Q: 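Got a structure here, written out as structure tokens. Questions coming.
Note that these values count all heavy atoms, side chains included, but never hydrogens, waters or copies made by symmetry. These numbers come from a predicted model, not from an experiment.
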Amino acid sequence: MTETWHNNLKTRNREDLIAAAKELFIRESFLKVNVKEICSLAGISRVTFYKHFQSIDELVFEVQIEILESMTGYVKKAASAGMSGREMLVSMLNAWIEYGIAHPGCIRFILLFDLHYEAYEAGTVLKAQYEAFIGREKEQHFLMHALETGMKDGSLLQDPEPLMTAQFIFTSMMALLQKMCMSAGQDGQTGQPEIRIARRFAGILIEHLSADS
């Protein structure tokens, strides 16, 4: 068997473990899931698990990063060429709400992750790696293109610190979506009043940032 085959198998095993962990963490909460359950769902041995991850904490961090990248990637795709900055921002905030409606478990996972790892140590190395990831994401913020385009084309107010504005929008929207998704019932459906509040809040943000407000 070739080295390429082994590398592909190794990559696939890692991806399968992350996918299985994500499914279980969202369904059961990562505080209730153990390595044996993840390996069973992935169809991978514990020995193989520990070839990829030193602990379940490391896997939890991987899932958090995967969810954040998936969410921000989904939101970014809502902005398209030819849109004004304001139109980009409107489309992105609406897409963000739609993501929350479609994936309430992912939004709840982010909330639980933040609460848990603020209260408990998960290891210096893991924490440093995660903080480095968050630092890179903030410096290359996924909302910056819309904000800068809007300031350039005149559809959004001039802002001396657009990065701070982007970070404020992120924090505000996540808090809102977490509140919205916590209201989801046993069927996973988010309540209509919460969805209306989320859309109204997004509208207020847009109005506040618009040049013609």
Q: If we only count heavy atoms from C-beta on, is the Ile110 to Gln64 side-chain gap below 4.5 Å?
A: yes
Q: State, yes or no, whether a side-chain contact exists between Val63 and Phe113 at a heavy-atom distance under 4.5 Å.
A: no
Q: In this structure, which one of Ile197, Ile101, Ile107 forms a side-chain contact (heavy atoms from CB on, under 4.5 Å) with Met180?
A: Ile101
Q: Begin from the C-alpha positions of Ile169 and Leu209 and carry the test side chain to side chain contact (heavy atoms under 4.5 Å, CB included) through to its verdict.
A: CA-CA 11 Å; Ile169 293 171; Leu209 295 169; 3.7 Å; yes
Q: What are the two closest heavy atoms between Leu59 and Ile38, and how far apart are they?
A: CD2-CD1, 3.7 Å
Q: Ala20 and Leu41: which non-hydrogen atoms are nearest, and at how many Å?
A: O-CD2, 3.6 Å
Q: Nearest 0.5 angstrom please: Ser80 OG to Glu87 CD, how far?
A: 8.5 Å
Q: Can you check whether Leu112 reaches Phe109 side chain to side chain, under 4.5 Å on heavy atoms?
A: no
Q: What distance separates Met83 CE from Leu89 CG, expressed to the nearest 0.5 Å?
A: 11.0 Å
Q: Looking only at heavy atoms, what is the nearest atom pair of His145 and Thr149, with distance?
A: O-OG1, 2.7 Å
Q: Which atoms form the tightest heavy-atom contact between Cys39 and Ser45, and what is the distance?
A: SG-O, 3.8 Å
Q: Are Leu31 and Val33 in one and the same hydrophobic cluster, where Ile, Leu, Val, Met, Phe, Trp and Tyr link if side-chain heavy atoms are under 4.5 Å apart?
A: yes
Q: Going through the distances and angles, do Phe49 and Gln54 end up as a side chain to side chain contact (heavy atoms under 4.5 Å, CB included)?
A: CA-CA 8 Å; Phe49 176 94; Gln54 294 183 16; over 6 Å; no
Q: With salt bridge (Lys or Arg N to Asp or Glu O under 4.0 Å) as the criterion, how do Glu131 and Lys127 come out once you've worked through the C-alpha distance, each side chain's angles and the decisive distance to 0.1 Å?
A: CA-CA 6 Å; Glu131 287 175 356; Lys127 203 163 187 178; 5.1 Å; no
Q: Under a 4.5 Å cut-off applied to non-hydrogen side-chain atoms, are Ser210 and Glu207 in contact?
A: no
Q: Counting the benzene-type ring for Trp, do Phe61 and Phe53 have ring centres under 6.0 Å apart?
A: no
Q: List the steps and the verdict of side chain to side chain contact (heavy atoms under 4.5 Å, CB included) for Tyr74 and His103.
A: CA-CA 12 Å; Tyr74 182 88; His103 305 284; 5.9 Å; no
Q: Honestly curious: do Val75 and Ile134 fall in one hydrophobic cluster under the side-chain, below-4.5 Å linking rule?
A: yes
Q: Tell me, do Gln167 and His141 make a side-chain contact under 4.5 Å, heavy atoms counted?
A: yes
Q: Closest heavy-atom contact between Met92 and Phe142?
A: CE-O, 3.4 Å
Q: What are the two closest heavy atoms between Pro104 and Cys181, and how far apart are they?
A: CA-SG, 3.6 Å
Q: Does a side-chain N-to-carboxylate-O contact under 4.0 Å join Arg199 and Glu98?
A: yes
Q: For Asp153 and Ser84, which I'm curious about, is there any donor-acceptor pair between the side chains at under 3.5 Å?
A: no
Q: Would a hydrophobic clustering, with Ile, Leu, Val, Met, Phe, Trp and Tyr connected at side-chain separations under 4.5 Å, put Ile65 with Tyr99?
A: yes
Q: Taking Lys22 first and then Glu62, would you say they form a salt bridge - that is, a charged N and a carboxylate O separated by under 4.0 Å?
A: no
Q: Can you tell me how far apart OG1 (Thr48) and CG (Leu17) are? Round to the nearest 0.5 Å.
A: 8.0 Å
Q: A side-chain contact here means heavy atoms from C-beta on lying under 4.5 Å apart; do Val35 and Tyr50 qualify?
A: yes
Q: Looking just at side-chain N and O atoms, do Asp57 and Ser55 make a donor-acceptor pair shorter than 3.5 Å?
A: no
Q: At what distance, to the nearest 0.5 angstrom, does CG of Leu156 lie from CD1 of Ile206?
A: 7.0 Å
Q: With ring centroids as reference points, do His116 and Phe30 lie under 6.0 angstrom apart?
A: yes
Q: Is the shortest side-chain N to carboxylate O distance from Lys152 to Glu148 below 4.0 Å?
A: no
Q: May I ask you to test the Met88-Leu147 pair for a side-chain heavy-atom distance under 4.5 Å?
A: no
Q: Do Met174 and Phe133 share a hydrophobic cluster, counting only Ile, Leu, Val, Met, Phe, Trp and Tyr and linking them when any side-chain heavy atoms are less than 4.5 Å apart?
A: yes
Q: Got a second to check how far Phe168's CZ is from Leu143's CG, nearest 0.5 Å?
A: 12.5 Å
Q: Find the distance between OG (Ser91) and NZ (Lys77) and round it off to the nearest 0.5 Å.
A: 15.0 Å
Q: Donor-acceptor pair, Gln129 side chain versus Leu126 backbone, under 3.5 Å?
A: no
Q: Before giving the answer on side chain to side chain contact (heavy atoms under 4.5 Å, CB included), spell out for Glu139 and Leu163 the whole-Å C-alpha distance, their side-chain angles and the decisive distance to 0.1 Å.
A: CA-CA 8 Å; Glu139 289 174 4; Leu163 183 55; 5.7 Å; no
Q: Spell out, as yes or no, whether a donor-acceptor pair under 3.5 Å connects the side chain of Ser29 to the backbone of Phe25.
A: no
